[in-house]
Amino acid sequence: MDQLSIELRNISKKLGPNQALSGVSLFFKASTIHGLIGPDGAGKTTLMRVLMGLLRPDEGEIIFKDAEKTYPQEEARPSMAYMPQSQSLYGDLSVSEHLDFFRDLYGLPEQDYQSRRKELLEITRMTEFASRPAGHLSGGMYKKLGLMCALLPSPKILLLDEPTTGVDPISRRDFWTLLYRLVEESRLLILTATSYMDEAARCGNVHLIESGKKIASGPPREILTQENVKSFEELFLKHAKTP
């Protein structure tokens with residue numbers, strides 16, 4: 001299985017009385033940072049969970065494909081990693097102990113694990129904090145620990161749900177620098193959900209959703225030019241005023 005792309009065709013999902021997703025069609029190109037942009041309640045988390053197979057869509061189709069063939073979701077899922085907005089990390093376990101725990105969870109061979117562990121600690125600049133308990137990490141370092149745990153099995157697709165929420169501006173900048181490096185060196189498909197409009201411009205492609213529906217999709221500058229707006233805040237306001 002080579003680097004994967006994802007195509008969503010008319011995905012709909014109802015959660016209780018709410019239509020969380022309504023006929024959403026999107027394409028996520030391999031080896032690219034994609035931004036899933038929208039306000040709280042737009043349907044971003046639901047879409048992430050549908051992609052991971054944690055929720056089944058009521059309608060529509062999800063296609064995973066590389067240059068050679070397409071794959072069913074259950075076959076592609078082991079190549080995916082998901083970092084939820086609320087991470088299940090243990091405050092009394094150190095950074096190293098978390099990595100050891102996820103090594104056992106993923107069943108990684110020891111030699112592969114030691115090499116991957118060293119690489120992840122270096123690229124996140126967390127080596128000197130390996131013995132520090134998660135409960136004593138700063139917000140930015142806590143997010144990096146969650147990212148390392150997700151990256152440990154070397155996925156081809158990385159789904160990040162609001163990864164920079166509650167993180168200070170400098171840590172947000174460092175986190176994005178890390179994402180760029182991952183795409184360049186590992187050719188990951190990264191899909192990051194955010195309600196921070198300024199982060200849209202950092203992505204290779206953005207996919208704007210609101211109330212479970214797609215508003216626009218494509219390279220950030222092209223979308224702003226096509227919509228004749230100067231910012232994504234303005235675009236969402238424009239959409240809100242459209243009957």
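In this chain, residues are counted from 1 in sequence order.
Taken from CD1 in Ile157 to CE in Met52, the straight-line distance is 9.5 Å, to the nearest 0.5 Å. Between the CD1 atom in Ile37 and the CZ atom in Phe232 there is a gap of 7.5 Å [rounded to 0.5 Å]. Between Ile6 atom CD1 and Ile62 atom CD1 the span is 8.0 Å, to the nearest 0.5 Å. To the nearest 0.5 Å, atoms CD (Glu119) and OG (Ser154) are separated by 7.0 Å. With values rounded to the nearest 0.5 angstrom, His98 atom NE2 is found 7.5 Å from Tyr90 atom OH.
A single hydrophobic cluster is not seen to contain both Leu36 and Trp176; linkage of ILVMFWY side chains at heavy-atom distances under 4.5 Å, directly or through other members, places them apart. Residue Met83 is grouped with residue Phe101 when hydrophobic side chains (ILVMFWY) are merged at heavy-atom distances under 4.5 angstrom, including chains of intermediate members. Leu105 and Val95 fall within the same hydrophobic cluster, defined by Ile, Leu, Val, Met, Phe, Trp and Tyr side-chain heavy atoms under 4.5 Å apart, directly or through other members. Hydrophobic clustering, with ILVMFWY side chains joined whenever heavy atoms are under 4.5 angstrom apart, keeps Leu4 apart from Leu182. Placement of Met148 and Tyr180 within a single hydrophobic cluster is found when ILVMFWY residues are connected by side-chain heavy-atom separations under 4.5 Å, directly or transitively.
Applying the salt bridge (charged side-chain N to carboxylate O under 4.0 Å, His left out) rule to pairs touching residues 153-171 yields Lys44-Glu162, sequence neighbours excluded. Screening residues 15-32 for side chain to side chain donor-acceptor pair (under 3.5 Å), with sequence neighbours left out, gives Asn10-Ser25. The stretch residues 179-199 participates, sequence neighbours left out, in these salt bridge (charged side-chain N to carboxylate O under 4.0 Å, His left out) pairs: Arg172-Asp198, Arg172-Glu199, Arg181-Glu185. For residues 125-151, every residue pair satisfying the salt bridge (charged side-chain N to carboxylate O under 4.0 Å, His left out) rule, not counting sequence neighbours, is listed here: Arg125-Asp174. Sequence neighbours left out, the pairs with a member in residues 57-73 that pass salt bridge (charged side-chain N to carboxylate O under 4.0 Å, His left out) are Glu7-Lys65, Arg9-Glu61, Lys13-Asp58.
Looking only at distances, a side-chain donor or acceptor of Ser96 sits under 3.5 Å from a matching main-chain atom of Ala130. Of the possible donor and acceptor atoms, one in the side chain of Gln73 sits under 3.5 Å from a partner among the backbone N and O of Val50. Using modelled atom types, one side-chain atom of Thr194 and one backbone atom of Tyr196 make a donor-acceptor pair closer than 3.5 Å. A donor-acceptor pair is defined here as one N or O able to donate and one able to accept, closer than 3.5 Å; no such pair exists between the side chain of Ser211 and the backbone of Ala42.
Using a 4.5 Å cut-off on side-chain heavy atoms (C-beta onward), Leu121 and Arg117 make contact. You'll find the side chain of Leu191 stays beyond 4.5 Å of the side chain of Leu160, heavy atoms only. Residues Thr165 and Gln85 have side chains in contact (heavy-atom distance under 4.5 Å, counting atoms from C-beta outward). Between Leu151 and Arg116 the shortest side-chain heavy-atom distance falls below 4.5 Å. Annotation: side chain of Leu8 is in contact with side chain of Leu51 (closest heavy-atom distance under 4.5 Å). With contacts defined as side-chain heavy-atom distances shorter than 4.5 Å, the pair Phe236/Met197 qualifies. For the pair Leu145 and Leu147, the minimum side-chain heavy-atom distance is 4.5 Å or more. For the pair Leu188 and Leu179, the minimum side-chain heavy-atom distance is 4.5 Å or more.
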request  = Kindly determine whether Glu222 and Gln226 satisfy side-chain contact (heavy atoms from CB on, under 4.5 Å), including the steps that lead there.
outcome  = CA-CA 6 Å; Glu222 287 186 15; Gln226 291 169 1; 4.3 Å; yes

message = Run Leu89 and Tyr142 through side-chain contact (heavy atoms from CB on, under 4.5 Å) and show every step you take.
response = CA-CA 9 Å; Leu89 301 179; Tyr142 190 87; 3.3 Å; yes

query = Where do Arg202 and Thr192 land on the side-chain hydrogen bond (donor to acceptor under 3.5 Å, both in side chains) test, with the steps shown first?
reply = CA-CA 11 Å; Arg202 298 175 180 265; Thr192 179; over 6 Å; no

inquiry  = Let's go through Thr127 and Glu122 carefully: what are the C-alpha distance in whole Å and the side-chain angles of both, what is the deciding distance for side-chain contact (heavy atoms from CB on, under 4.5 Å) to 0.1 Å, and is it a yes or a no?
reply    = CA-CA 6 Å; Thr127 303; Glu122 286 177 353; 4.2 Å; yes

task = Please step through side-chain contact (heavy atoms from CB on, under 4.5 Å) for the pair Leu26 and Leu47, ending with a clear verdict.
result = CA-CA 11 Å; Leu26 297 170; Leu47 191 146; 4.0 Å; yes

task = Test Glu234 against Lys238 for salt bridge (charged side-chain N to carboxylate O under 4.0 Å, His left out), laying out the working first.
result = CA-CA 6 Å; Glu234 186 180 347; Lys238 176 183 175 182; over 6 Å; no

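Heavy atoms only, all atoms of each residue included: Ile209 and Pro39 are closest at O-CD, 3.9 Å. Minimum interatomic distance between Asn205 and Pro219 (heavy atoms only, all atoms of both residues): OD1-N, 3.2 Å. The two residues Ala81 and Pro155 have their closest heavy-atom pair at CB-CG, 3.7 Å. When all heavy atoms are compared, the tightest approach of Gly23 to Ser12 is N-OG, 2.8 Å. For the residue pair Val167 and Pro163, the shortest heavy atom distance occurs at CG2-O, 4.2 Å. Closest heavy-atom contact between Leu99 and Leu152: O-CD2, 3.5 Å.
In this pair, Phe102 and Tyr106 present their aromatic rings tilted. The plane angle is within the 30 to 60° band.
Under the ring-ring contact (aromatic ring centres under 6.0 Å, His included) criterion, Phe28 pairs with His34, His207, not counting sequence neighbours.
Heavy-atom contacts from other residues, nucleotides or ligands closer than 6.0 Å to CG of Asp104 number more than 12.
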